[in-house]
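Positions are given from 1, in the same order as the sequence printed here. These figures come from a predicted structure and were not determined experimentally.
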Amino acid sequence: MIYIKLFLSFLQVGMFSVGGGYAAMPLIQNQVVEAHKWLTMNEFTDLITIAEMTPGPIAVNSATFVGIRIAGWQGAVIATFGCILPSCLLVSLLAWVYYKYKGVSAMQSVLACLRPAVVALIAAAGISILRVVLFADAPISLHAVNWIGAGLFAAAFVVLRKRKWNPILVMSLCGVVNLCIGILIK
């Protein structure tokens, strides 16, 4: 039964995550944290961090990670297959349709209408993760702010947007700085 749940959960993620990995984050969160309670929100944040750092798409890495955690290597294979199946089928169909009708203005209109929805999905995922970084599981208040996390977020944002640093370097530096600060505080 767990294999069917894993397959169907990540089939939904693969089917409805229009816009790529970042757009899939709220869907993955809904399935693994809220619907099935396979992970806590802190574990989900760790999952996204690991999935972002490792090669490959975030949704596929997440499916593999959750599958292994819940049902071993068989769960990883089933969850990953559920996640990629809709993409394989849909991309094959869409490629055929796009190349056949790419000059039609209706096709361009449909693509233009999808962009705002993708941006909203990415923003929702980012806000959810930022809330965990800044407030952990505490209610939102000035006293509950994780000032180290807020500072690291601000610094990472600036160097990624203004200085165009490599994201892997920024993530690594944030991890080292957080570790050092954690050691100094304790």
Side-chain angles (χ1 to χ4, degrees), residues 1-102 106-134 153 156-157 160-161 167-168 170-171:
M1 190 66 172
I2 192 67
Y3 297 125
I4 294 171
K5 285 183 181 179
L6 279 168
F7 178 79
L8 292 176
S9 293
F10 283 99
L11 183 71
Q12 288 177 28
V13 169
M15 198 175 307
F16 298 111
S17 58
V18 177
Y22 296 113
M25 286 192 288
L27 301 172
I28 298 167
Q29 176 186 347
N30 177 269
Q31 289 296 315
V32 302
V33 176
E34 295 160 17
H36 297 289
K37 304 204 183 318
W38 289 327
L39 300 176
T40 65
M41 190 58 188
N42 284 336
E43 291 171 326
F44 174 74
T45 304
D46 293 342
L47 162 70
I48 295 300
T49 303
I50 292 167
E52 178 66 28
M53 289 174 41
T54 54
I58 292 172
V60 173
N61 291 347
S62 299
T64 306
F65 179 86
V66 171
I68 285 176
R69 174 109 189 262
I70 302 305
W73 71 267
Q74 299 95 334
V77 170
I78 288 169
T80 303
F81 180 68
C83 189
I84 66 170
L85 180 63
S87 296
C88 291
L89 297 175
L90 191 60
V91 166
S92 297
L93 176 66
L94 288 176
W96 177 79
V97 169
Y98 181 76
Y99 281 111
K100 187 169 182 167
Y101 300 106
K102 67 181 172 183
M107 174 69 77
Q108 298 306 317
S109 296
V110 168
L111 294 173
C113 290
L114 289 175
R115 288 184 193 113
V118 170
V119 171
L121 286 169
I122 294 168
I127 290 168
S128 294
I129 291 174
L130 183 61
R131 185 182 185 284
V132 170
V133 168
L134 295 180
F153 167 77
F157 187 81
L160 285 169
R161 298 298 299 165
I168 295 171
V170 173
M171 288 174 54

Inset, instruction - Check whether any side-chain heavy atom of Y98 sits under 4.5 Å from a side-chain heavy atom of L94, and report yes or no. - result: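 Heavy-atom side-chain distance check fails, nothing below 4.5 Å.
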Legend entry - I58 and I48, any side-chain heavy atoms less than 4.5 Å apart: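 Side chain of I48 against side chain of I58, heavy atoms only: contact under 4.5 Å found.
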Inset, instruction - Please report the C-alpha distance between I129 and Q29 in whole Å, then the side-chain angles of each, then the deciding distance to 0.1 Å, and finally whether the side-chain contact (heavy atoms from CB on, under 4.5 Å) criterion is met. - result: CA-CA 10 Å; I129 291 174; Q29 176 186 347; over 6 Å; no
Inset, instruction - Give a yes or no on whether M107 atom CE has more than 12 heavy-atom contacts from other residues, nucleotides or ligands under 6.0 Å away. - result: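 Yes, the 6.0 Å shell around CE holds more than 12 heavy atoms from other groups.
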Inset, instruction - Can you establish whether the number of heavy atoms outside I168 located under 6.0 Å from its atom CD1 is more than 12? - result: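 Open.
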State, to 0.1 Å, how close [X] and [Y] come at their nearest heavy-atom pair, and which atoms those are.
X: N61; Y: P55; value: ND2-O, 3.3 Å
X: P167; Y: L160; value: CA-CD2, 3.8 Å
X: A59; Y: I28; value: CA-CD1, 3.8 Å

How long is the gap from [atom1] on [X] to [atom2] on [Y], to the nearest 0.5 Å?
X: S17; Y: L121; atom1: OG; atom2: CG; value: 9.0 Å
X: M171; Y: E52; atom1: CE; atom2: CD; value: 5.5 Å
X: M25; Y: T45; atom1: CE; atom2: OG1; value: 10.0 Å
X: S109; Y: L114; atom1: OG; atom2: CG; value: 11.0 Å
X: F157; Y: F153; atom1: CZ; atom2: CZ; value: 6.0 Å
X: S9; Y: N30; atom1: OG; atom2: CG; value: 9.0 Å

Inset, instruction - Look at the rings of W38 and F10 and say which category their plane angle falls in: under 30° parallel, 30 to 60° tilted, over 60° perpendicular. - result: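 Correct class here is parallel.
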Could you pull out all donor-acceptor pairs under 3.5 Å where a side-chain atom in residues 64-86 meets a protein atom, sequence neighbours excluded?
| unit_1 | atom_1 | unit_2 | atom_2 | d |
| --- | --- | --- | --- | --- |
| T64 | OG1 | V60 | O | 2.9 |
| T64 | OG1 | T80 | OG1 | 2.6 |
| R69 | NH2 | E43 | OE2 | 2.9 |
| T80 | OG1 | A76 | O | 2.7 |

